[in-house]
Amino acid sequence: MTLDIGVLGPYTYLVTEVLWGAVALCLLWYADAFRAAARTTLVLYPFAYLWDWYTLEVGVFAIPLRTGVEFLGIPVEEHLFMLVVPAMVVGTHESLRRYTGEDDG
């Protein structure tokens, strides 16, 4: 059984992005990896933006539970998604590295 978070209506996607973004920030804080996440996000963002814009434009997917606010042709929630995902990946990777004491170099 899954929890129906649709009760948040048009703010559902935004709230989930903010919550997962908070988790990503905690991981980045633990690992002291804000610079690494910023670099990764800066490199990936243009590709993610183009991919997202194109797939929304051609109708690959739709986002029903969103605010309806768009910026540069895509929902503001998608911009947050493109920041949260690389931050979560880098935060998880660097936190695991710190926790296990591993060094990539």
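Here, residue 1 is the first one in the sequence, and each next residue gets the next number.
Side-chain atoms of S95 come within 3.5 Å of backbone N or O of L27 as a donor-acceptor pair. No donor-acceptor distance shorter than 3.5 angstrom exists from the side chain of E94 to the backbone of D32, with no hydrogens or angles considered. The backbone N or O of Y13 sits less than 3.5 Å from a side-chain atom of T16, completing a donor-acceptor pair.
For F71, the CZ atom counts as loosely surrounded, since its 6.0 Å shell holds 12 or fewer non-hydrogen atoms of other residues, nucleotides or ligands. Crowding of Y45 atom OH: a count of heavy atoms from other residues, nucleotides or ligands under 6.0 Å exceeding 12.
Residues W51 and L56 fall into different hydrophobic clusters, defined by Ile, Leu, Val, Met, Phe, Trp and Tyr side chains chained together at heavy-atom separations under 4.5 Å. Using a 4.5 Å cut-off between side-chain heavy atoms of Ile, Leu, Val, Met, Phe, Trp and Tyr, with links allowed through other members, V85 and V23 fall into different hydrophobic clusters. L50 and V76 fall into different hydrophobic clusters, where Ile, Leu, Val, Met, Phe, Trp and Tyr side chains are chained together by heavy-atom contacts under 4.5 Å. By the rule that hydrophobic residues join a cluster once side-chain heavy atoms approach within less than 4.5 Å of another member, M82 and F47 end up as members of separate clusters. Clustering ILVMFWY residues whenever any of their side-chain heavy atoms sit less than 4.5 angstrom apart, transitively, puts L25 in a cluster other than the one holding L44.
Listed here is the closest heavy atom pair of D52 and T55: O-OG1, 3.1 Å. Shortest non-hydrogen contact noted between G91 and A31 is O-CB, 4.4 Å. For the pair F61 and E78, the tightest heavy-atom approach, listed with the atom from each and the gap, is CZ-OE1, 4.1 Å. The minimum heavy-atom distance between V90 and A37, with the atom names listed, is CG1-N, 3.8 Å. Residue E17 comes nearest to E77 through the heavy atom pair CG-O, 3.9 Å, listed as atom of the first residue, atom of the second, then distance. Nearest approach of P75 to I63, heavy atoms of both residues: CG-CD1, 4.1 Å.
Residues in residues 15-40 take part in no ring pair (Phe, Tyr, Trp, His ring centres under 6.0 Å) pair, two or more places apart or across chains.
Ring planes of H79 and Y49: parallel class, angle under 30° (limits at 30 and 60°).
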Verdict with reasoning, L14 to L80, per side chain to side chain contact (heavy atoms under 4.5 Å, CB included): CA-CA 8 Å; L14 181 63; L80 284 173; 3.4 Å; yes
